[in-house]
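Below: one structure, written as structure tokens.
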Amino acid sequence: MAQKITKREQDYSQWYLDVVREAKLAEHSPVRGTMVIRPTGMGLWENMRNALDTMFKETGHENAYFPIFIPKSFLSKEAQHVEGFAKECAVVTHSRLKAVDGGVEVDPDSRLEEELIVRPTSETIIWDTYRNWIQSYRDLPILINQWANVVRWEMRTRLFLRTMEFLWQEGHTAHATREEAVAETKQMLEVYRTFAEEYMAMPVLTGVKTESERFAGAEDTYCIEALMQDGKALQAGTSHFLGQNFAKAFDVTFQDSDGEHKLVWATSWGVSTRLIGGLIMTHSDDSGLVIPPKLAPTQIVIVPIYRNDEQRATVLEYGSALMDELKAEGIRVKLDDRDNYKPGFKFAEHEAQGVPLRIAVGPRDVENNNVELARRDTFEKNIESREGLVPKVKSLLEIIQDDLYKTALKRREELTSIVDSYEEFKKVLDDKGGFIYAHWDGTAETEELIKNETKATIRLIPFGDGEEGTCMVTGKPSKKRVVFARSY
RNA sequence: CGGGGAGUGGCGCAGUCCGGUAGCGCAUCCGCUUUGGGAGCGGAGGGUCGCAAGUUCAAAUCUUGUCUCCCCGACCA
């Protein structure tokens with residue numbers, strides 16, 4: 001069997017790229033750091049988007065759309081925010097090209113009066129808009145989400161994990177009180193956690209970012225943090241309590257019920273196509289993509305097996321009847337009736353693309369009223385009776401979903417360590433990787449030192465109270481352990 | 001942006017050192033035989049060698065510039 005996918009233990013980065021390619025999720029586009037998301041990848045994103053969108057609606061949010069172009073002056077209004085994003089903004093300076101012998105060049109006469117920023121995130125344009133929408137406490141809260149593309153001029157890119165243009169959702173809410181905004185921030189973090197666990201089958205830790213890892217312009221950044229198979233962490237989603245920073249910068253005030261004019265409290269929260277990268281590195285194996293049934297664009301593929309036209313007709317009839325029955329149950333199913341590929345080839349191809357369940361039907365199955373069921377995640381194959389197959393298959397999809405989560409959780413637990421000394425910390429980091437719970441004195445200096453010496457960062461500070469101790473580096477007191485890891 | 005590697009039919013590569021007008025495997029198309037784990041045989045199509053300049057009688061090959069990708073670092077979701 002030809003091996004088109006590099007083995008994980010041989011070269012994890014190459015394996016990741018091979019999986020993306022063989023699963024037909026995406027490919028590089030001519031401009032550095034940009035990608036074409038292919039139908040399979042987009043199908044996956046659409047399923048993720050639909051699930052999230054439903055959850056956003058259920059928590060009272062509405063979708064809106066704000067422009068991709070932002071006046072340059074807006075970016076400079078919130079100091080932290082500028083500092084965070086200034087270095088990675090694409091700027092539109094001209095409005096047209098002109099033809100010159102055989103090609104085109106930028107028309108110098110078309111220089112814009114005010115240059116435009118291609119949004120790296122939309123806080124500024126949104127808060128500029130909210131100012132006009134908010135006058136009274138009766139206008140609050142504003143609970144809006146948008147699905148959009150954003151551009152960040154990254155130095156080093158990887159398909160899905162970090163691209164210059166990516167698709168995401170950004171929620172932007174406005175509230176009358178601090179408490180309400182904080183509650184919103186936490187609620188949306190919970191939405192992300194639920195989505196990651198229940199749909200992506202990806203266990204995540206939740207917590208607060210340290211000051212150095214915080215979103216530019218936020219008072220607090222909460223995050224969900226996942227652990228990849230190679231022991232590196234991935235920030236999978238963030239929810240920010242923005243305090244009154246943007247309200248101050250954009251002068252967004254409201255008259256409260258007590259007659260006082262007050263600054264609005266804000267949140268923003270987002271997840272991106274980066275989640276697809278996380279999904280790949282959580283479940284996939286050396287045969288290709290593995291994706292949870294709830295998100296799989298195709299949940300079941302039916303592969304017919306035959307020796308001649310007569311058998312082909314019989315088997316296809318049997319297979320398409322089964323397909324119709326599965327479709328009627330709302331299952332996303334395909335019948336692979338291509339005649340120019342052999343079954344073995346199709347098996348390998350659908351495995352590479354991560355279809356969770358395969359049903360093979362051949363003349364023997366038709367005769368015995370059977371099918372062969374094969375699980376993508378475990379490669380387990382069984383002959384099953386055609387009678388009662390549909391409910392069996394439905395529950396099997398649920399079992400696969402569940403098993404993927406359990407397997408991922410077990411691996412995360414195995415890759416999680418608790419250490420007390422810096423020596424041990426370094427050893428665990430190099431030998432095993434993963435999440436490491438350790439005491440830290442709470443200073444940016446110590447955090448920086450650890451990062452410089454070990455490349456590990458504080459992924460999050462867990463919520464709530466923890467066991468007190470002393471910092472593994474400085475010996476100063478620590479209120480609780482924080483989570484370290486090397487990360488993507 | 002610094003260090004390293006690489007761009008040659010759709011994909012993977014050889015050819016580059018030592019210039020002489022492009023080849024292999026897979027894929028594609030046609031035909032026949034096949035089909036329960038990536039089919040076999042026969043035939044056919046497809047490349048201005050990433051792009052741009054330069055050197056030369058002659059450039060995939062030498063020189064310079066530039067773009068893109070991969071790995072490692074600094075930055076970030």
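Nucleotide G3(B) holds its C1' atom 15 Å from the CE atom of Met155(A), rounded to whole Å. We find that NZ of Lys346(A) is positioned 12 Å from C1' of G38(B), with the value rounded to whole Å. Distance OH (Tyr341(A)) to C1' (C26(B)): 12 Å, rounded to an integer number of Å. Taking atom CG of residue Asp11(A) and atom P of nucleotide C72(B), one finds them 8 Å apart after rounding to whole Å. In this structure, the CZ atom of Phe345(A) is 13 Å from the P atom of G40(B), given to the nearest Å. Per the geometry, CD belonging to Glu22(A) stands 10 Å off P belonging to G12(B), to the nearest Å. For the pair Glu88(A) CD and C1(B) P, the computed distance is 15 Å after rounding to whole Å. For Ile305(A) and A39(B), the CD1 to C1' distance is 14 Å, given to the nearest whole Å.
Using a 4.0 Å heavy-atom criterion, one finds that Arg152(A) contacts the bases of the nucleic acid, with or without backbone contacts as well. As judged by a 4.0 angstrom heavy-atom cut-off over every strand, Ser487(A) is placed among residues making no nucleic acid contact. As judged by a 4.0 angstrom heavy-atom cut-off over every strand, Gly278(A) is placed among residues making no nucleic acid contact.
Here U28(B) sits opposite A44(B) as a Watson-Crick or G-U wobble pair (both hydrogen-bonding atom distances under 3.5 Å). Using the Watson-Crick or G-U wobble rule with both distances under 3.5 Å, C75(B) pairs with nothing in any strand shown. When both distances must be under 3.5 Å, the Watson-Crick or G-U wobble mate of A22(B) does not exist.
Ring planes of Phe215(A) and His240(A): parallel class, angle under 30° (limits at 30 and 60°). Using cut-offs of 30° and 60° for the angle between ring planes, the Phe250(A) and Phe246(A) rings count as parallel. Ring planes of Trp265(A) and Phe241(A): parallel class, angle under 30° (limits at 30 and 60°).
Among G37(B), G73(B), C70(B), the nucleotide with an atom closest to any side-chain atom of Ala348(A) is G37(B). When each of U68(B), G36(B), C71(B) is scored by its nearest atom to the side-chain atoms of Ser13(A), the top-ranked nucleotide is C71(B).
For G37(B), the base has a donor-acceptor partner in the side chain of Arg358(A) [N/O atoms by modelled type, under 3.5 angstrom]. Taking only distance into account, the side chain of Lys381(A) meets the base of G37(B) through a donor-acceptor pair shorter than 3.5 Å. In the interface, the side chain of Glu351(A) is paired with the base of G37(B) through a donor and an acceptor atom under 3.5 Å apart.
Contact of the Arg152(A) side chain with the Phe166(A) side chain is registered, since non-hydrogen atoms from C-beta on lie closer than 4.5 Å.
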